[in-house]
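Here's the structure we're looking at; comments come further down.
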2 protein chains.
Amino acid sequence: MVGRSDVGGKGWLDMRVTKAQAEQNRAHIVTTAARLFRERGYDGVGVAELMAEAGFTHGGFYKHFRSKADLMAEASANGLSRTASLTETLDIAEFVESYVSREHRDGRGEGCTIAALSGDAARQPEDIRTEFAAGIESLTAALQAEGDASPDTHQRTARATVIDALAHSVGAIMLSRACPDGSSLADEILDVCRESILASLTHGDGSQSAAGSTSPQPA
Amino acid sequence: MVGRSDVGGKGWLDMRVTKAQAEQNRAHIVTTAARLFRERGYDGVGVAELMAEAGFTHGGFYKHFRSKADLMAEASANGLSRTASLTETLDIAEFVESYVSREHRDGRGEGCTIAALSGDAARQPEDIRTEFAAGIESLTAALQAEGDASPDTHQRTARATVIDALAHSVGAIMLSRACPDGSSLADEILDVCRESILASLTHGDGSQSAAGSTSPQPA
DNA sequence: ACCTTACGATTACGGTCATCATCTAAAAAG
DNA sequence: CTTTTTAGATGATGACCGTAATCGTAAGGT
């Protein structure tokens, strides 16, 4: 390992790195990881491949993160907040329309982290599930809040209604993705559910009586 | 299938047929794998650990399966058909009641393969997704068929209603499982969705009646 | 201008993984 | 009986994994 006496400064250049650059590189690693995890699952992407995709070699990874598990949690939080912020301009009906769609189903890497990784997250340590709970809360809050700004007859959507529609939408996407590409069942699930969810939103759905615990708790 | 077809004549074939025990061992490996995959995901359990859990060493694995991917497909089919057959005695309301429950959420290994592995299946090769589509169809058929035996009161539930309720239930379980153990959100999701799904079954479309028999059966 | 800090590259370590070669004993086939 | 076949055990192989030690180098504070 000592053979690096190095002669002649020929070395390929790779001058970069300022403090701000490093921070930017770190952020890039996180968002890259978030996308790769959505596409292939937490176990489907290794540190080396991840860093390569971000434009680095795998060695520098541990200057940014203490472990892969740490990055998994951070990438999850990043992806979840991304979904929530993208949703902030949508009301529930618009959200459902774009969420329960073929485009979303077929664009896993660019889609919702909940739909892409909740199955994996369920088996991960608690810190990741805590991020998911927070992400669900943020998304719920975003969907409830929409309409508040509008002066007209919009009223804040009931929390239960939002949670229900979200679970319904997630289930539709996951079932559809579990079917073979182009299968009629995959499309049928999407169409049936989208119509049903939208109907339940416009329908006289004012039923959110006390069902179990109603204690919102952002983590 | 211990069928001893046995040919008295001199047909050339019949080179197969091993001990009946081998066939039984193979089946045991498949059901063990189905449970372990549900608990930890396809990538979360290795061949050696799997075989050990089934009571064997890892070497004999390839006398039964050509690859781990082969077993993954077979174990998926096994788990999915198990869920469908366990559901055959339930109508939709009973199904939802037992499916969208804390017991099911917390008993991943003994629960529904769709809820446990659809997130993983979406990233697997087509043969596994074909099994999932078939499993969804079987489960849908089982839920539609229930009630046919009864005289007038029940009529065949609409396919769309069943698919919709199934996706909704799956989404509820997956979201709840993605939350930390014992979190209030995890329980809230379950309670909100269960009530909503049951409500949509009783007053939604033009074909459905209330529950007649009561036999809540945890899978 | 020093000196400290640390990004990122290189290389290597244990460990685990799927897969397979080989051996064995026993069951089937003759 | 003998021969053939094979379920399962044992052990090796090579690839890949997460993690870490080392180092060149440049940035940032003083």
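We name chains A, B, ... by the order of the sequence lines, and we start the count at 1 in each one. Everything quoted here is computed from the prediction, not taken from an experiment.
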For B:Ile173, is there any backbone N or O sitting under 3.5 Å from a side-chain donor or acceptor partner on B:His104?
no
So CZ of B:Arg194 and OH of B:Tyr99: to nearest 0.5 Å the spacing works out to 14.0 Å
Which of D:dT10, C:dT22, C:dT19 is nearest the side chain of B:Lys63? It is C:dT22
| task | Report which part of the nucleic acid B:His58 touches: base, sugar-phosphate, or nothing (heavy-atom distance under 4.0 Å, all strands). | result | base
Practice problem: Report yes or no: does B:Glu94 contribute a side-chain atom to a donor-acceptor pair with the main-chain N or O of B:Asp91 at less than 3.5 Å? | Solution: yes
**Item:** Expected output: side-chain A:Ser176 to main-chain A:Ala172 donor-acceptor under 3.5 Å
**Value:** no
A:Phe61 CZ to D:dT19 P, in whole Å, measures 7 Å
Picking from D:dA9, D:dT19, C:dA18, the nucleotide nearest the side-chain atoms of A:Val47 would be D:dT19
### Query
Is a donor on one side and an acceptor on the other found under 3.5 Å between the side chain of B:Ser138 and the backbone of B:Ala134?
yes
Comparing A:Gly59 with B:Thr57, nearest DNA chain D nucleotide closer to 5' gives the residue B:Thr57
A:Asp70 atom CG is separated from D:dT19 atom C1', nearest whole Å, by 13 Å
Rounding to 0.5 Å, atoms CG (B:Leu80) and CD (B:Glu137) come to a distance of 12.0 Å
Ranking D:dT19, C:dA18, D:dG8 by distance to the side chain of A:Tyr62, first place goes to D:dT19
With the side chain defined as heavy atoms from C-beta on, A:Ser67 is closest, among D:dG8, D:dT19, C:dA9, to D:dT19
Distance col, row B:Ile189:CD1 vs B:Met174:CE, nearest 0.5 angstrom, shows 12.0 Å
B:Glu23 atom CD is separated from C:dA28 atom P, nearest whole Å, by 13 Å
query = Under 4.0 angstrom, heavy atoms only, what part of the nucleic acid is A:Lys68 near: base, sugar-phosphate, or nothing?
reply = sugar-phosphate
Taken to the nearest whole Å, NE2/A:His64 to P/C:dT5 is 18 Å
Rounded to whole Å, CD of B:Glu49 lies from P of C:dT16 at a distance of 11 Å
Check: Using a cut-off of 4.0 Å on non-hydrogen atoms, how would the nucleic acid contact of B:Phe56 be classed: base, sugar-phosphate, or nothing?
Finding: sugar-phosphate
To the nearest angstrom, the CG-C1' distance between A:Asn25 and D:dA27 comes to 14 Å
To the nearest angstrom, the CE-C1' distance between B:Met72 and C:dA18 comes to 12 Å
Note: contacts of residues 27-46 of chain A with DNA chain D (heavy atom, under 4.0 Å) are A:Val45, A:Gly46
From CE of A:Met51 across to P of C:dC7 the rounded distance in Å is 11 Å
